[in-house]
Structures are given as structure tokens and as C-alpha cells.
Amino acid sequence: MASSWTWKKAIKVGAAAATAGGGGCALLYLTSVYSSDRKKEQVQQKLAASGLNKRPSKPLPTRAEQLNSLASDQFDVLIIGGGATGSGCALDAASRGLKTAMVEYDDFSSGTSSRSTKLIHGGVRYLQKAIMNLDIEQYKMVKEALHERANLLEIAPHLSFPLPIMLPVYKWWQLPYFWAGIKAYDLVSGGDCLKSSYILSKSRALELFPMLKKNELKGAIVYYDGMHNDARMNISIAISAVRLGATVANHVKVVDLIKTDGIVSGAKVRNQLTGEEFSIKAKSVINATGPFTDSIRKMDDGQTRDIVCPSAGIHIMLPDYYSPSNMGLLDPATSDGRVIFFLPWQGLTIAGTTDTPCPVTNSPGPSESDIQFILSEVKNYLTPDIDVRRGDVLSAWAGIRPLVKDPNAGDTASLVRNHVVHVSDSKMVTIAGGKWTTYRAMAAETVDEAVEAAQLGVGPSMTDGLLLEGAHNWAPTMFIRLVQDLGVDTAVAQHLSDTYGDRAFSVGKMAGLTGQRWPIVGRRIHQEFPYIDAEVRYAVKEYAATAVDVIARRLRLSFLNVQAAEEALPIVVSIMADELGWDKEEQDKQTEDAMDFLRMQMGKDLNKASRDNIPVSLTKAEIAEYVKRFNALDDGKKGYISINDIRKSLKSQGVILTNEDVSALMATISVETHGSLDLPEFLQMMSAIKSGTVSHSRFAKMAEMDYKSKKYGEHMERSGGGV
């Protein structure tokens, strides 16, 4: 009874506070909605008149054609950096009619732009600070981000969507406080509000998020932000620029800048895949290299001071059962004051992020301490019924956030809250800082500065409302046509539709026959994910040039599950070899480079170390049982168990392992053991499974089945367990 009374009282307090200023707020909100709607009408009229929103039909130029153009043509603008901001600059410049070039040292979105929290947001925390500190600049920043959030969901609806995010409340006083803040977020959004926020009772909150810790939970507030596939969004922006005439190339490194009469007029570059060097001529050069901003600035002026303060943000991927499929969670105040998001993404659960000073590097990797911090914070919010295990971490990665100091300010100690656009004495334009959500506005401001600095004489930005690759004819029901017309299964069809939009049919038509009754086409490259062979071939047409380009940015497999990425790697390399003409030596190199990437940047080495460092903590009875199991499986008393031992024994029981089964089993055993386990290693594996450091092991499961079949003479069904 008391609890019910307190709940109603909290609601009344919040309602009274809202009602006090309700008339003014309502008028402000309605005015904002009207203004937003009117602006959208004007934007659509302008784009319709320009013809920019017509769906392009010409095929993409090949990478070789793009490289030839870079070496031979004269450009109005050269953009260095193919992340979200650089690609946004390329699209903005091309849409204005400028002859545009863009080069990227690695792959499009290979840096920070593919390693985000996957949110498209205005910044709830920033709005709180703006209100509390009466900071008009911070308010404007949030207002701009909220508009860009709505715009991004409109121009790429297949890649982005509104996501409800729950803010659990464990103290009664937090309810009106959080509710007022979230409602202010809705109000500031105005006509760009995705969906209205709302309050949940304790029972309703647990119904929607049953994994939530029940003890002392009072209720929850749910608000909406956007979510997207960040790497695919980045690539779509780059491809959209190409559709409008831009010349772009990945794996091209700037080694020096070219100057004419003291003005930057191009760059000397190197093709990272062939070693060939050439020059690109341009009237204006834009530096959009994120964490590497200072390295390009020093090519322009060796004495310039650094403005980037790099900070690493770590994320981890967890199984789908850690969160509902359609509800995220926000922890607004972790044990050290940081914010943790806990979100469903691509069928799994993403958790992060941290914020730790770090050096600038091309290959950032996660740390075990940051992984443990995230797991600890996740554990604080989940019911004790869920055992939060280190072995459930499917992958982990680090992204470098380029926080910046304003080079125009006298005081270099303080960081800017938003972004910085700076024009050097030699007319090179640098854009640094900011966030994913506002890439388009940042790009527009940057190209404005480049146009003025080089006196290029073109009109204003045309990218507000400009549809991205795949958005023109897309509809939420398009996947049904893919199933019916092409014969792919439903999960694959939904994935293709949500990734490629109206280009999904072009991808699906490249799919190979499965040899099965159903699906007819679309051979999966890994049984646990809806990625198919055709996507690898299509990725090459969209300038994927290495195996890492595919498993990390085109398919996202390495970000989702590092073990699955390793298992799919041979198929990916084989298909790319067919498309690009790789010989055996090049295939081996691509495999080795991809494995290094998985080990160092996607958490594979940390996952292995966490297993190897676990002491054997088994009871005497457990050790005795596992020794018996080991001895029963060691055919010929060699002193170790091999996969062939299990394969041969299971075959005698009528269970046949496919090549895919064998590859999956091999991937669960350390390379150093050469596909076998001795007794200490076998005991350590069993101890790791017991402790939760390893969630489960196909090898151990197969061994258990084989041992039981020998011991009891039973026919055991083969498990389809995970890694």
C-alpha cells in the first residue's frame, strides 16, 4: 500500500511541475513542430528541383578507374580521410557540383566511425548540462544534433531506426527529476521528436526488460534515440558521393602535401596495396582524419601545436539473451561517473563505453581491465539470476575518440564540446571533433570554409534531406519480395533489405545456389549469421580490397563474434580470390592479416588469455571424472586427445562430422596445441567452463558425448552448441 502511494505521489509531483509551465511549453513545442514541418517541405522542394534525389542507375566505376582518375584529373576539393565526416564532406562537395576526390589510408569507416556505440542521438547528458548551467551554446549543440538525428533516420531508413531506451529508477526522488529531463529532451526535439517518452511502473518495466534487477526498482522512464549500422552507413555515404560524381579510393595513404606559392594544392599519395606513388592535384584540401588530424596538420606546418586529445572507448558484444530484442538500457551514473549503454544490435547485445586517454594508433585494441569494468557495471543492473560471465564476451573492440582543443583559442588546456573547423595560413581546411550524429552538419560547415578559402563559387549545402544509397525505393516490406522473387530465406532477406535497402536485389542476384530445397539461393558464410556469399562479391564492387574490409566493415562479423569471423574467414578469402585474382601466396597473406586483426583489435587474444590464466579449480571428484574421460578418449594412449580421435569414435556411433564441424572444433582449440589437448590443457578447459570464463566449448561437448556413448553404450545426438 505504501509503495503504491509513493508511486502515485511521485507521478503527481512530476505532473505538477510540468503543468506549471505547461502553456508556454505547449506553445513552444507547437511552434517548433510547425517550423520543422515547413523547413522539411522547403528542403524537399529544393531537392526535387535539383534532381539530386533521383535514384542513380549507372554502375559504380571500378577501383582501378577511380585510381586512374585520381592520378590524372584536376579536382576542386581533395578530402583526406574516409570516415563519417570525410565521406560526408565528399558527398556535400559533390552535391554542390564540385569535382571531388577523397582518399582513405585504410578502408572507409575503418577507424572510429565503425567502432561507435551505434546510437544516433542528440545527447541527453548535454541537454542536462545546458539547462543546469544555462549554457546556450550547449543547448544549440543538442538542438542541432536532434535535427541531424531525425534527418539521418529519414535519408537512410533501411539502416537506422528509433530505439526505446530504458532508464531504470531505483530511488523515488529520481523519478520526477529524470522525467523532467527526458521530457525536456522531447520538447527540444520539437518536430524532430522520434517518439514521445513515457513512464513505466515496476511491473511493466520488468515485463519489457525481464533481465533487470528487481530489488529496490521503483519504475522506469523510456525515451527514444536512433540506432544504426555505423560502418554500413559510412560506406553508404561514400558510395552516395561516388553516385554524384566523386572519385574515392580506400587504401591510399597521403605521404606529403603539395604546395603552390605557399598554398596547399594537392597531395602525394601511396597505393597501400601496390606501393605505387602518385600526386593528386586540387584547388582545396580538407583534412578529415579524426585521431590522425595532427599528423596531416604537421605536413602543412611542422611547428603547429597538437589539438587532438585521443580517448579510447571500449565496447563488448554479449549474447542476445542479455537484453530484449527491442529495448536498450542506460546506466546514467556508473561507479566511476561514466555512462554505460546496454543495447540490442544485430541480434546480439552491445555494452559500452569507457573513456580512457590513449595514444593514437592504427590498430587500437581493448584492454582486459576495461572489459571487466563493463561486465561489472552490467552485473549491477541485471537480475542475480543471470550469471554475467567473461566467457560470454563474443568480441571486444576499441575506438579512438578525437577530442580536440580549439587552435584559434589562446587557452589550449580546455577541450571544445563540439567540433572545430580551422583554415591554416596555407588554406588547408581541418575538421576535427564532433560526433557521428552531426557528421552532415560538420561536413556542410567544412565545405563552406573550403569554398570560401579557395573561392570556388558554388551554392550552399544540398545534403539536408538528400537520400543515401539504398534509400530511394526501400520499404519495410521489401524483404518479402526478396523471399518470393529470389528464393532466399526470411532471415537473410531481412538482413539484405536492412543493409542494402533497394540495392538488396542487386546483391541477391549474385547469390549462389544452395543445393537445397529451401532456400534456393544464398549460401551462408557462417551458419549462425544471415551473411551470404553474394555479399562478399558485392563488397568487392563497393571497393572492398582486403579480407578485413569484408569481415569487419561489410559484414560486421568480427565485431559481432570474433570466433565466428575466424571460422568464416576461409570462405571469405576464397570468394575474394575468385573476384580479385589472388594467388595462393596472397590468400595466405590475407588470412594472416585478418587473423592479426582479430587477435589484436577484436579481442581474440584477450579471450584466449582469460582462458589460459584461469587456474584449475576442480574438486578431486571432478578431476577423477575428467581424467577417466580423457583416458577413454585418448585412442592409442598417445598422451593427448585429437579431433581425429573424437571424429573416428563418433563415426563408429553413426555421427558424421562435416568439414564445417571440424573447422569449428579446430577453432576452439589453441593453435599452439596443433589441434590436440593434453591432460593439463583438458583439465584447464573444463575448469574454465566451470568458472564461466568459457561459456561453452564444442570440443568439450563433443568429448562429453563421445565419452558417454562409450561408457553407457547410448546413441548421442550431435550438439549444435556455440563456440
Side-chain angles (χ1 to χ4, degrees), residues 56-111 113 231-255 257-258 265-289 443 447 468-470 500 503 506-507 536-550 553-554 576 579-582:
S57 56
K58 291 183 180 180
L60 292 172
T62 66
R63 188 169 187 277
E65 291 170 339
Q66 297 282 61
L67 289 169
N68 183 62
S69 174
L70 288 174
S72 59
D73 293 346
Q74 169 85 33
F75 295 92
D76 293 320
V77 179
L78 166 63
I79 296 109
I80 306 172
T85 305
S87 297
C89 288
L91 178 57
D92 190 282
S95 68
R96 300 190 199 204
L98 294 172
K99 189 167 180 60
T100 304
M102 180 180 75
V103 293
E104 162 58 39
Y105 163 81
D106 194 344
D107 185 25
F108 309 120
S109 82
S110 59
S113 297
R232 182 63 204 172
M233 185 74 79
N234 192 156
I235 292 166
S236 296
I237 297 167
I239 296 298
S240 297
V242 175
R243 298 286 188 191
L244 293 181
T247 302
V248 308
N250 52 355
H251 301 287
V252 174
K253 179 182 180 180
V254 171
V255 295
L257 296 175
I258 299 172
S265 57
K268 295 178 181 178
V269 301
R270 179 188 304 120
N271 184 334
Q272 295 291 87
L273 303 180
T274 66
E276 177 191 2
E277 294 192 359
F278 57 93
S279 296
I280 303 174
K281 301 174 184 177
K283 298 175 185 177
S284 177
V285 174
I286 293 174
N287 172 17
T289 53
V447 176
L468 298 183
E469 176 83 348
Y500 304 97
R503 302 285 174 178
S506 299
V507 181
V536 182
R537 301 185 190 282
Y538 193 78
V540 173
K541 293 184 179 297
E542 289 188 332
Y543 312 125
T546 71
V548 174
D549 292 350
V550 172
R553 269 83 63 179
R554 304 316 199 275
M576 294 189 76
E579 294 293 315
L580 296 171
W582 290 343

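Heavy-atom basis, side chains included; hydrogens, waters and symmetry copies ignored.
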What pairs with [X] under side chain to side chain donor-acceptor pair (under 3.5 Å), at least two apart in sequence or on another chain?
X      : answer
Ser57  : none
Thr289 : Asn287
Arg553 : Asp107, Asp549
Ser95  : none

Non-hydrogen atoms of [X] and [Y] that approach each other most closely:
X      : Y      : result
Leu60  : Glu542 : CD1-CG, 4.2 Å
Ala249 : Phe108 : C-CZ, 4.0 Å
Ile286 : Cys89  : CG2-SG, 4.3 Å
Ala241 : Ala94  : O-CB, 4.1 Å
Tyr543 : Pro61  : OH-O, 2.6 Å
Ile258 : Ile280 : CD1-O, 4.2 Å

For Arg270, the salt bridge (Lys or Arg N to Asp or Glu O under 4.0 Å) test, sequence neighbours excluded, returns Glu277
Just jot down the salt bridge (Lys or Arg N to Asp or Glu O under 4.0 Å) partners of Glu469, sequence neighbours excluded, or say none.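 With sequence neighbours excluded, Glu469 shows a salt bridge (Lys or Arg N to Asp or Glu O under 4.0 Å) to Arg243, Arg503, given in chain and number order.
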Of all residues at least two apart in sequence or in a different chain, which pass the side chain to side chain contact (heavy atoms under 4.5 Å, CB included) check with [X]?
X      : result
Asn68  : Ser72
Lys541 : Met510
Ala101 : Leu70, Phe75, Leu78
Val540 : Met576, Glu579, Leu580

Side-chain heavy-atom pair [X], [Y] within 4.5 angstrom cut-off:
X      : Y      : result
Gln66  : Val242 : yes
Asp106 : His251 : yes
Phe278 : Val269 : yes
Leu67  : Asn271 : yes

side-chain contact (heavy atoms from CB on, under 4.5 Å) evaluation trace for Asn250 with Arg63: CA-CA 9 Å; Asn250 52 355; Arg63 188 169 187 277; 3.1 Å; yes
Is the backbone of [Y] close enough, under 3.5 Å, to the side chain of [X] for a donor and an acceptor to pair up by distance?
X     : Y      : value
Ser69 : Glu65  : no
Ser87 : Gly82  : yes
Thr85 : Ala288 : no

Residue pairs involving residues 75-90 (criterion salt bridge (charged side-chain N to carboxylate O under 4.0 Å, His left out); sequence neighbours excluded):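 As it turns out, the salt bridge (charged side-chain N to carboxylate O under 4.0 Å, His left out) pairs with a partner in residues 75-90, which skip direct neighbours, are Asp76-Lys283.
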To the nearest 0.5 Å, what is the distance between [atom1] on [X] and [atom2] on [Y]?
X      : Y      : atom1 : atom2 : answer
Leu244 : Thr100 : CG    : OG1   : 9.5 Å
Asn234 : Ser109 : CG    : OG    : 4.5 Å
Leu468 : Ser236 : CG    : OG    : 6.5 Å
Leu257 : Lys268 : CG    : NZ    : 10.0 Å
Ile235 : Arg554 : CD1   : CZ    : 4.0 Å
Leu91  : Ile239 : CG    : CD1   : 11.5 Å

Results of ring pair (Phe, Tyr, Trp, His ring centres under 6.0 Å) for Tyr538 - residues two or more places apart only: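 Tyr538 satisfies ring pair (Phe, Tyr, Trp, His ring centres under 6.0 Å) with Tyr500 once adjacent residues are dropped.
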